[in-house]
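All residue numbers in this chain count up from 1 along the given sequence. Please read all numbers here as calculations on a predicted model, not as lab measurements.
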Amino acid sequence: MSAPHAKPAGHGKAASPFKQPKAVWAVAFACVISFMGIGLVDPILPALAKNLHATPSQVSLLFSSYLIVTAVAMLIVGWFSSRFGAKRTLVTGLAVIVVFSALAGTSGSIDGIVGFRAGWGLGNALFIATSLAVIVASASGGFGGAIILYETALGLGIAVGPLLGGELGSISWRGPFFGVAVLMAIALVATLAFVPNLPKPARRTSPLAPLKALRHRGLLTMGIMALLYNWGFFTMLGYAPYPMELDAHQLGLVFTGWGLLVAAFSVFFAPRLQARYGTAPVLYANLVGLSIVMAVIAAGVATPTVVIVAVVVSGAFIGINNTLTTQAVMLVSPVERPVASSAYGFLRFIGGGLAPYVAGKLADATDLSVPFYLGAATFLLAIPVLACGHRLLRQAETNTAEGEPVTPTFTPVGTVPSTATPPVVVAVGAHEGAAVIVDAAARLARDTGSPLEVVHVQQTAVVEEQAADAEDFAQARATVTGHLDRLAAQGVVARGQILGSVGDHAAAGRALARHAAEVGARAVAVGRSPRGALAQFADGSFTAALTHAATCTVVLVDAGSEPRPLTAATLSELRGAAS
């Protein structure tokens, strides 16, 4: 049974992630339109085939050209961004999307649309590779707030894209293309007007870095698994509209239901399943589920209702897979986050681009069920590929790998004081109230005659194929050093640690609980989460996980309230803890 938890009076209030400067809202709006890009054209696929006298296999090339160009462009966007800066990269991507989506709307042939979609893919790669970084750099609601806003834009784009595509497509098949051009033009003007010039990275990224990164077994294994997964996913997305036998408006509603499930399971359910069962077991079960859904579509391809229900249900599995596959990549990758994202994105989009083309050839040569059976097989084939990297992934999650960066990790900062006295541990993040929480923990350490260990949590968020750090390692080290210098001036014996964690806040909380037990901590002090109840539900609460797993007293500090002195009984218990 864990020790009682001392809590001061008062309740902190989380900063709203939606109170952001105009720069953030400009990019977030563009993100919504960008994430609409794929689902937007689904409702008009049958109309394109009918009006332009094209076969489904010809129309499917809209996906192939878009995704293959996006894949190849992912290899150079890191170099482009490091050379020209994030804002210029973002603006260039938006401008390219505006031009090529408008040209697609004016085209009178399927070949012309396919070619213009390729240009659209180039713009999309430039945009998605930098949008998350720009939002994080420009946000005033904190790192957590920026990630929530980005995830909201992603979910909204995925869900609304098919609905808007269906509404505009019911007027004309040209409508979705012109709609994207107009909306992205608005986003482009807003970005130019409100987003400031951001500093370029200190070091330029080599255009060959993503390909070289694929020499690492873990990254290559997860990338191939994502390629196979995306093969099945884009087979379904590119060919499922035809057997549904619906008009553009009705198709828009079906894929809106699909998109809502993708967004909900990606943001809210995938992290909780991961925390409970582990990344690999959830992915195994999820891939089996996707394979079954695809087999149902193949077997029921002549029954529109079966196809409709199966496609909507697949959104739940796709949402889980999108989130956990990217987290798996970041867990096992030994290279920098942007390079890992580019390498993974390259393989992922290659699979998505080749699938519609091959599916079209198969459908023309056989019948419409065969591409779906092949998609079901690729989902199953992804399972043994994932199994090849299971050990690396498990090591990363349990912090047992050697020679590879794993998560969560502890890195000492400064000179470690030589003392046998059990410490008080305080955990803080990169936010304004951190110094107040550390000072409150220092008073507790003085009262109990203990040294203080300051653990700074350096968080990496993962959204779709992108990863963003709240700060780099040098900034985290400087922050810890600042805490230690201030504590030394107060006469407090202290040491520092940096806790690095990818994605899952709850996993970081459990890691801190294990660390506290290993060092025999008297107590762990932690502040109230600034992220809000919705974000904590989505990816777990650091504080709740720590409190549940800790074997010592957990002191909850409210940075916005005056500290409440601990009772004599509590102090006596803390002095006796770990002795």
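- Atom CE of Met236 and atom CZ of Phe379 lie 7.0 Å apart (nearest 0.5 Å).
- Counting heavy atoms from C-beta outward, Val27 and Leu90 have side chains that approach closer than 4.5 Å.
- Of all heavy-atom pairs spanning Leu273 and Val282, the tightest one is O-CG2, 3.5 Å.
- Using modelled atom types and a 3.5 Å distance limit, the side chains of Thr305 and Thr303 yield no donor-acceptor pair.
- Side-chain contact between Val288 and Ile383 is present, with at least one heavy-atom pair separated by less than 4.5 Å.
- The backbone N or O of Trp79 lies less than 3.5 Å from a partner atom in the side chain of Ser82, making a donor-acceptor pair.
- Taking OH from Tyr239 and CZ from Phe63, the interatomic distance works out to 10.0 Å, rounded to the nearest 0.5 Å.
- Side-chain contact between Trp258 and Leu237: present, with at least one pair of heavy atoms (C-beta onward) separated by less than 4.5 Å.
- Contact annotation: the side chain of Leu347 approaches that of Leu214 to within less than 4.5 Å [non-hydrogen atoms, C-beta and beyond].
- Judged by distance alone, the side chain of Thr92 and the main-chain N or O of Arg88 form a donor-acceptor pair under 3.5 Å.
- Put simply, the side chain of Tyr344 does not reach to within 4.5 Å of the side chain of Val339, judged on heavy atoms.
- In plain terms, the two heavy atoms of Ala71 and Phe346 that are nearest each other are O-CD1, 3.3 Å.
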Return all side-chain donor-acceptor pairs below 3.5 angstrom for residues 220-232, not counting sequence neighbours, or 'none' if the list is empty.
{"unit_1": "Thr221", "atom_1": "OG1", "unit_2": "Arg217", "atom_2": "O", "d": "2.8"}
{"unit_1": "Tyr229", "atom_1": "OH", "unit_2": "Asn322", "atom_2": "OD1", "d": "2.8"}
{"unit_1": "Asn230", "atom_1": "ND2", "unit_2": "Ala226", "atom_2": "O", "d": "2.9"}

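- Looking at every heavy atom in both residues, Phe100 comes nearest to Trp120 through CB-N, 3.6 Å.
- Under the 3.5 Å distance criterion, with hydrogens and angles disregarded, no donor-acceptor pair is assigned to the side chains of Ser109 and Asp111.
- When the side-chain contact (heavy atoms from CB on, under 4.5 Å) test is applied to Leu156, the partners found at least two apart in sequence or on another chain are Val32, Val160.
- We find the CG-CE distance between Leu45 and Met244 to be 10.5 Å, quoted to the nearest 0.5 Å.
- Inter-residue side-chain proximity for Val358 and Leu374 is flagged as met; some heavy-atom pair is nearer than 4.5 Å.
- A distance of 9.0 Å separates CG of Leu94 from OG of Ser131, quoted to the nearest 0.5 Å.
- Heavy-atom minimum distance, Ile158 versus Pro162: O-CD, 3.1 Å.
- Between Ile68 and Phe349 there is no side-chain heavy-atom pair separated by less than 4.5 Å.
- For the pair Val306/Val301, no side-chain contact is recorded, criterion being any heavy-atom separation below 4.5 Å from C-beta on.
- Remark: of the listed residues Leu164, Val180, Val41, Leu164 is the sole one forming a side chain to side chain contact (heavy atoms under 4.5 Å, CB included) with Met36.
- Formation of a donor-acceptor pair under 3.5 Å by the Ser170 side chain with backbone atoms of Ala248 is not found in this model.
- No side-chain donor-acceptor contact under 3.5 Å links Thr70 and Asn124.
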